[in-house]
There are 2 protein chains.
Amino acid sequence: MQISEVAKEFDLTTDTLRYYEREGLIGPIAKGKNGIRNYTENDLQRIRFVKCMRAAGLEISFLKRYLQLFDEGDKTVKERREILVEQRKILKEKLDAMQEAYDRLNYKIDLYDKNILDKNLM
Amino acid sequence: MQISEVAKEFDLTTDTLRYYEREGLIGPIAKGKNGIRNYTENDLQRIRFVKCMRAAGLEISFLKRYLQLFDEGDKTVKERREILVEQRKILKEKLDAMQEAYDRLNYKIDLYDKNILDKNLM
DNA sequence: ATATCACTTAGAGTTTACTTCAAGTCAATA
DNA sequence: TATTGACTTGAAGTAAACTCTAAGTGATAT
């Protein structure tokens with residue numbers, strides 16, 4: 001699969017895909033003799049993972065570390081698990097903060113709908 | 001209340017507080033004759049709001065717009081409501097994406113715990 | 001009286017994650 | 001044959017949100 005198709009499929013730009021590769025999150029993607037990238041199903045799976053995690057705000061540096069360990073094989077299982085647990089914690093905290101803001105927005109909008117606004121409260 | 005106390009209370013730096021003021025999110029904070037900021041309860045309420053929304057990833061530019069409208073009084077009620085609804089939608093989408101990533105992390109960690117790992121799946 | 005500390009300002013610097021640019025290759029189509 | 005379009009590269013540029021620096025003021029502690 002060619003880079004432009006992958007980009008379309010995942011709603012990423014080709015620049016972003018090359019950037020991820022440069023950063024070591026994915027690939028190196030095999031290239032045909034014309035030098036053009038050809039993404040395998042495995043590559044796509046990895047991009048799926050990266051996209052999901054990036055959408056949740058996990059940092060490139062973590063993903064890079066994790067995926068590098070992944071490529072090193074079984075001996076890194078323990079460290080990988082630790083990283084995941086750590087990231088889950090960070091993510092949970094963010095989720096909670098966002099839920100709180102979401103609830104607050106809902107409450108606020110409700111006040112606007114009911115026309116009960118306090119001049120001093122945002 | 002002095003800037004350093006406010007910073008401590010909200011776990012922000014004094015630089016961030018001055019930055020927010022410069023950007024028009026809060027204040028202008030009244031200053032004593034020595035030129036030192038003195039935060040009122042109203043200022044703190046506003047910082048509370050800003051902090052909550054920033055923690056959820058809402059952009060400075062939105063907060064600035066919203067709070068400026070707020071300061072313009074009742075005639076901006078309709079527009080303010082619209083902004084809140086729009087931001088709620090953005091926030092909901094992010095929340096869903098994060099929940100998905102969170103579930104995925106949980107699932108993954110579970111696989112690590114049960115020692116069922118697929119060489120090809122991150 | 002002198003040093004320390006919290007504060008002030010304007011403005012420059014940093015980090016993260018892209019995004020754009022310039023210059024070039026290669027295959028296919030008008 | 002010429003030009004169009006997708007690809008390649010390395011490197012420079014950008015946006016958002018801080019974060020830090022330098023130079024200075026003024027009140028308090030030794």
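Convention: sequence-line order gives letters A, B, ...; per-chain numbering from 1.
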Separation of D:dC18 atom P from B:Lys64 atom NZ, nearest Å, is 14 Å
Between CD of A:Glu21 and C1' of C:dA17 the distance, given in whole Å, is 17 Å
The reported gap from CD in B:Glu9 to CE in B:Met1 (rounded to nearest 0.5 angstrom) is 4.5 Å
Measuring to OP1 and OP2 of C:dT8, would you say a side-chain N or O of B:Arg37 lies under 4.0 angstrom away? yes
If you draw a 6.0 Å radius around CG in B:Asp110, do more than 12 non-hydrogen atoms from other residues or ligands fall strictly inside? yes
Separation of C:dA17 atom P from A:Met53 atom CE, nearest Å, is 15 Å
Across all chains, not counting sequence neighbours, the salt bridge (charged side-chain N to carboxylate O under 4.0 Å, His left out) partners of A:Lys75 are none
Here the gap from A:Asp103 atom CG to B:Leu91 atom CG, rounded to the nearest 0.5 Å, amounts to 9.5 Å
request  = Ignoring backbone atoms, establish whether A:Arg54 has a side-chain N or O less than 4.0 Å from OP1 or OP2 of C:dC18.
outcome  = yes
Of C:dC18, C:dC7, D:dC7, the nucleotide closest to the side chain of B:Ile36 is C:dC7
Under 4.0 Å, heavy atoms only, any strand: does A:Glu23 hit a base, just the sugar-phosphate, or nothing? nothing
From CG of B:Leu17 across to C1' of D:dC18 the rounded distance in Å is 12 Å
Separation of D:dA6 atom P from A:Lys8 atom NZ, nearest Å, is 11 Å
- Task: Output yes when at least one side-chain N/O atom of A:Gln2 is less than 4.0 Å from OP1 or OP2 of D:dA6, else no.
- Result: no
Expected list for residues 82-101 of chain A near DNA chain C, using heavy atoms below 4.0 Å, is none
(Q) Below the 4.0 Å mark, does D:dC20 have OP1 or OP2 next to a side-chain nitrogen or oxygen of B:Tyr19? (A) no
Taking C:dC18, D:dC7, C:dT8 as options, the one with an atom nearest any side-chain atom of B:Ile3 is C:dT8
Checking B:Lys78, B:Glu82, B:Arg80, B:Arg81 against A:Tyr112 for side chain to side chain donor-acceptor pair (under 3.5 Å), the one that qualifies is B:Arg80
Quiz prompt | Sugar-phosphate only, base, or nothing, as touched by A:Asp15 at under 4.0 Å among non-hydrogen atoms | solution = base
Whole-Å distance, B:Tyr20 OH to D:dA16 P, equals 15 Å
Over all strands shown, is A:Glu59 touching base, sugar-phosphate only, or nothing at heavy-atom distances under 4.0 angstrom? sugar-phosphate
Determine the contact category for B:Arg18: base if any of its heavy atoms lies under 4.0 Å from a base atom, sugar-phosphate if only primed atoms, P, OP1 or OP2 are that close, otherwise nothing. base
*Hey, is the side chain of A:Ser4 poking within less than 4.0 Å of OP1 or OP2 on D:dC7, counting only N and O atoms?*
yes
B:Glu5 atom CD is separated from C:dA6 atom P, nearest whole Å, by 12 Å
From CZ of B:Arg22 across to C1' of D:dA16 the rounded distance in Å is 14 Å
Contacts of A:Thr16 and B:Asn34 projected onto DNA chain C by closest heavy atom; the upstream (5') one is B:Asn34
Output for pair (A:Lys51 NZ, A:Leu63 CG), nearest 0.5 Å, gives 14.0 Å
**Enclosure of B:Asp71 CG (heavy-atom neighbours >12, cutoff 6.0 Å)** = yes
Closest of D:dA17, D:dT8, C:dC18 to the A:Lys31 side chain is D:dT8
By side-chain contact (heavy atoms from CB on, under 4.5 Å), A:Asn42 pairs with (sequence neighbours left out) A:Thr40, A:Gln45, B:Asn120
